[in-house]
Amino acid sequence: MQNREELFLKENGLDVDGIDREALLSAFAEEMAAGLAGSPSSLMMIPSFISIDRPVKTGEPVVVLDAGGTNLRSAVVTIDAAGRAAIGSFAKRAMPGTQGELEAEAFFDAFADFLLPVIEASVSIGFCFSYPAEITPECDARLIRWSKQIEVPSVVGQMIGAGLLKHLEQRGYTRRVVILNDTVATLLAGKSAGVARDYSAYVGFILGTGTNTAYVERNARITKRTDLDPSGSMVINVESGAFRRVQQSVFDATMDAQTIDPGHYTFEKMISGAYLGWLGFTVLRAAAQAGFFSAEAAARIGAWPTLSNKHLDDFCGGQPTPDNPFLEEAFSDGDRAAVIRLCKPVYARAAVLTAVNLASAILKTGEGRDPARPVCVNVDGSTYYRTLTADFQNRVQRELAELLGPRGIAYELIRVEEAPVIGAAVAGLM
Ligand code: BGC
């Protein structure tokens, strides 16, 4: 039997059981093929100009810069002959552009200044840049647009590597930089960690502040480029968070309209850490108006400026810390039960869509038919590993098995600590 909350969600277009997984897989496959051909598609299928079989210099340090959705991090990494990475001199600060709008000059200054303490370690910088960017054959990156609500509009369209190098030159340092997406880095880290095992293909997957996939494609199939060696292959950054052929619920549309980039990254806005709390909050506000809560609880929800994903997930996942807003006195036991019934499906849906996202990339490799040679999927990201609600990680894995099992596809999900940093180092040392 359906409860009122489930019915309310369903009436507004949020229906976990009703998701047509197979139709989504087909739509992903079509969009991926169109993206490779340069036809209109919501999936950019960006060539990385990184092939996975190039040798990696060992025993030599490389500077790593990792620009993620929340943090900017730097490190010095050395890889030994056995493929083990030693990471030192870790530093971290907030990602420029997450704390209010910035100008391009201030943005590049922040990056260059942040690198100064480690800049002497190497002339090479491996730069993991976790945003949609067109990569040049020299591995610089032109920012296509910001995702994850970063506010540095004047950098859009600019070369990120050239900007950084110019600001380093101004400080007296001439360097070279290799830029790659975090999913590409994660794939490379999986490859370098998995040397002992015989995998047929590699996928990199991130579910953190944002979401995305990468896989290895034959150049002959990247028909939108005519300058590639047809016998080679390279990693493709799918930018799967931008997938558009998924039905938004009323709540998704309401939240999307409040973002700085409405209509863009609608898939990411349904599943990643930057948005899940916000989306749950949108559901709760609508439910409060529809009379699902006591007057006190409804007034509290109406008064909150935001709700963090951590607070909502901790609460719905049964592990709230004492500062959790749902523990406020205004919430009765009935209110709290309603919050869980209303928001758990938000996370359950994210798990289903995450499995579709992953399955699409695994299927696109065309490999995994021999159980002795599975597809290696390196998974990274706080949202994947830390979400408590709806038995998140297990649910993703069950859904994935249901999608790929009947197709006879063998795959293995692996985890490499600090994958984006290690992958950026590998790229910098290639
Ligand atoms: C970005 C991708 C990135 C992903 C995971 C998305 O918002 O557009 O480039 O790979 O987040 O960090």
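Just so it is clear, the structure is predicted and the values come from calculations on it, not from any experiment. One-based numbering, in listed order, for ligands and for the atoms of each. Along the sequence shown, residues are numbered consecutively beginning with 1.
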Student: Who's the nearest protein heavy-atom neighbour of atom 11 (O) of ligand 1, and how far?
Tutor: K148 CE, 3.0 Å
Student: Pick, from V238, T213, D182, the option with the minimum heavy-atom distance to atom 3 (C) of ligand 1.
Tutor: D182
Student: Under a 3.5 Å threshold, yes or no: a donor from one side chain and an acceptor from the other, between T209 and T70?
Tutor: yes
Student: Counting from 1, what ligand 1 atoms have a heavy atom of N212 closer than 4.0 Å?
Tutor: 2 (C), 3 (C), 4 (C), 9 (O), 10 (O)
Student: Mark the output for P132 as yes if a heavy-atom distance to ligand 1 is under 4.0 Å, and as no if none is.
Tutor: yes
Student: Looking at E417 and I422, what are the two nearest heavy atoms and their distance?
Tutor: O-CD1, 3.5 Å
Student: Just go through I206, D380, T211 and tell me whose heavy atom is the nearest to atom 4 (C) of ligand 1.
Tutor: T211
Student: Checking S240 against N357: is there a side-chain donor and acceptor pair closer than 3.5 Å?
Tutor: yes
Student: For the residue pair W146 and Y131, categorise the inter-ring angle as parallel (less than 30°), tilted (30 to 60°) or perpendicular (more than 60°).
Tutor: perpendicular
Student: Does at least one non-hydrogen atom of F129 fall below 4.0 angstrom from an atom of ligand 1?
Tutor: no
Student: Classify the ring geometry between Y202 and Y199 as parallel (under 30°), tilted (30 to 60°) or perpendicular (over 60°).
Tutor: perpendicular
Student: Do any nitrogen or oxygen atoms of T183 lie less than 3.5 angstrom from nitrogen or oxygen atoms of ligand 1?
Tutor: no
Student: Would you name the heavy atoms of C343 and G280 that are closest together and state the gap between them?
Tutor: SG-O, 3.9 Å
Student: Looking only at protein heavy atoms, which one is nearest to atom 9 (O) of ligand 1, and what is the separation?
Tutor: E239 OE2, 2.5 Å
Student: Can you name the atoms of ligand 1, numbered from 1 with element, that are less than 4.0 Å from a heavy atom of Y265?
Tutor: 8 (O)
Student: Tell me if a side-chain donor or acceptor on D314 pairs with a main-chain N or O of H311 at a distance below 3.5 Å.
Tutor: no
Student: Below 3.5 angstrom, do we get any N/O pair linking S147 and ligand 1?
Tutor: yes
Student: Over 60° means perpendicular and under 30° means parallel, so classify the ring planes of F111 and F127, tilted if in between.
Tutor: tilted
Student: Give the atom numbers and elements of ligand 1 that come within less than 4.0 Å of a heavy atom of E268.
Tutor: 6 (C), 7 (O), 11 (O)
